[in-house]
Amino acid sequence: MSSKRIAFITGITGQDGSYLAELLLEKGYEVHGLIRRASSFNTQRIDHLFQDPHESNVKLHLHYGDMSDGAGLTNLITSIRPTEIYNLAAQSHVKVSFSMPHYTANVDGIGAVTILEAIRSAGLETRYYQASTSELFGSTPPPQSETTKFHPRSPYAAAKLYAYWVTINYREAYGIHATNGILFNHESPRRGETFVTRKITRAVAAIANKKQEKLYLGNMDAVRDWGYAKEYVEGMWLMLQQDAPDDYVAATGVGATIRDFCGAAFSRAGLNWEDYVEFDPQYLRPTEVDALIGDPSKTKKVLGWEAKTHWKELAELMVDSDLRLQE
């Protein structure tokens, strides 16, 4: 490995990408991020990290590109020659993947093999992190660990399963330092506004400020293992610092229903969720995932990483943040 640490992050403008960029810059990395060209600004989560490229000693560099543009992605990686690549980019909304299965497969699945093939063909000494997901387990009952059987229940999960296995294949076939981080649900005030946790906490803030009357949700009985994204990116980094590549589950090991999360979020603002939440079948998935609760014992033992923030504290800190935004 080179003594100069250069990281390339796909999905740098997302929740995880922004927290990871902060962490790596604090550790002295030169950070390169992939951003999609749009007619409006989409870099809000990393605007506080921006450095004028005309200045000296710039550590953050942003590059236009897209996970579906194989040639552009390959050229970029070959030019940057990163020592670490974190592939966080994805069409990551499970419900949307049923409406956009081809796009999801291309970005989430083929995008991963494009990066791995760029590493192989250029002969780069690069460590690769693949953002895998607890959705891989699907209908397999919890607790779920690195050895649990996969049973994906959405086009998103199926595309991610391809990326998971191709990461292992390139590790075994070509000796690439390629690691899968199987992260269970991780949230934060930077979570996208269409994801259920942020949808709930934003609604709480709006209702508390008399700007919204009702919140409509789908399956309230789904159980998830929710952790704090800011802590999980440290786990990602630790995975790539190991001498040998491997696959790791990152989770709190504690499950809660969406109903539980709702209760905690509304209670934080002094409200009773049952007065405001109504069921809407349009938010149900064609195939539901009933329960995802991770077993992070391997990650704790090997990496020394452990989630500190559990779902109730997470709901509260997200509500607090959204209340401040409302003000």
Under the salt bridge (Lys or Arg N to Asp or Glu O under 4.0 Å) test, residues paired with Asp290 that sit two or more places apart:
none

Within one Ile-Leu-Val-Met-Phe-Trp-Tyr cluster: [X] and [Y], side-chain cutoff 4.5 Å:
X      : Y      : value
Val107 : Leu76  : yes
Tyr19  : Leu25  : yes
Val233 : Ile12  : yes
Tyr156 : Ile110 : no
Leu183 : Leu24  : yes

Let me confirm one number: the [atom1]-[atom2] distance from [X] to [Y], rounded to the nearest 0.5 Å.
X      : Y      : atom1 : atom2 : result
Arg127 : Ile176 : CZ    : CD1   : 13.5 Å
Arg153 : His151 : CZ    : NE2   : 6.0 Å
Gln130 : Lys160 : CD    : NZ    : 5.0 Å
Arg202 : Arg191 : CZ    : CZ    : 14.0 Å
Ile182 : Phe150 : CD1   : CZ    : 4.5 Å
Thr167 : Leu116 : OG1   : CG    : 5.0 Å

Considering only heavy atoms from C-beta outward, does the side chain of [X] approach that of [Y] to under 4.5 Å?
X      : Y      : value
Thr309 : Tyr232 : no
Val196 : Tyr283 : no
Thr133 : Tyr164 : no
Lys199 : Leu215 : yes
Tyr174 : Ile119 : no
Tyr162 : Val113 : yes
Tyr248 : Leu238 : no
Met236 : Asp16  : yes

Whether [X] side chain and [Y] backbone form a donor-acceptor pair below 3.5 Å:
X      : Y      : result
Asp225 : Gly294 : yes
Gln326 : Asp322 : no
Gln144 : Thr140 : yes
Thr252 : Ala307 : no
Asp295 : Ser297 : yes
Arg268 : Val204 : no
Asp66  : Arg36  : no
Thr10  : Leu88  : yes
Glu234 : Glu231 : no
Lys95  : Gln282 : yes

[X] to [Y] - nearest heavy-atom pair and separation:
X      : Y      : answer
Thr257 : Trp226 : O-CZ3, 3.7 Å
Ala157 : Pro152 : CB-CB, 3.5 Å
Leu323 : Ala208 : CD2-CB, 4.1 Å
His177 : Leu240 : CE1-O, 4.1 Å
Ala118 : Ile77  : CB-CD1, 4.2 Å
Gly33  : Phe8   : C-CE1, 4.3 Å

Under 6.0 Å from the [atom1] atom of [X], do we count more than 12 heavy atoms belonging to anything else shown?
X      : atom1 : result
Lys300 : NZ    : no
Lys312 : NZ    : no
Gln44  : CD    : yes
His102 : NE2   : no

Pair [X] + [Y], salt bridge at N-O below 4.0 Å:
X      : Y      : value
Glu278 : Lys214 : yes
Glu30  : Lys4   : yes
Glu146 : Lys301 : no
Arg171 : Asp247 : yes

Verify whether one side chain among [X] and [Y] offers a donor that lies under 3.5 Å from an acceptor in the other.
X      : Y      : result
Thr78  : Asn75  : no
Glu117 : Tyr170 : yes
Glu135 : Ser154 : no

Sole residue of Lys59, Arg190, Lys230 in salt bridge (charged side-chain N to carboxylate O under 4.0 Å, His left out) with Glu22:
Arg190

May I have the step-by-step check of side-chain contact (heavy atoms from CB on, under 4.5 Å) for Thr197 and Trp311, ending in yes or no?
CA-CA 10 Å; Thr197 51; Trp311 67 270; over 6 Å; no

Trace of the side-chain contact (heavy atoms from CB on, under 4.5 Å) decision for Phe261 with Arg224:
CA-CA 10 Å; Phe261 193 95; Arg224 293 295 183 269; over 6 Å; no

Centroid separation under 6.0 Å, is that true for the rings of Trp237 and Tyr129?
no

Test side-chain contact (heavy atoms from CB on, under 4.5 Å) applied to Leu124 and Arg81, step by step:
CA-CA 7 Å; Leu124 299 178; Arg81 302 189 74 82; 3.3 Å; yes

side-chain contact (heavy atoms from CB on, under 4.5 Å) between Leu62 and Ile46, worked out
CA-CA 10 Å; Leu62 302 178; Ile46 56 171; 3.9 Å; yes

Parallel, tilted or perpendicular, as decided by the 30° and 60° cut-offs, for the rings of His32 and His63:
parallel

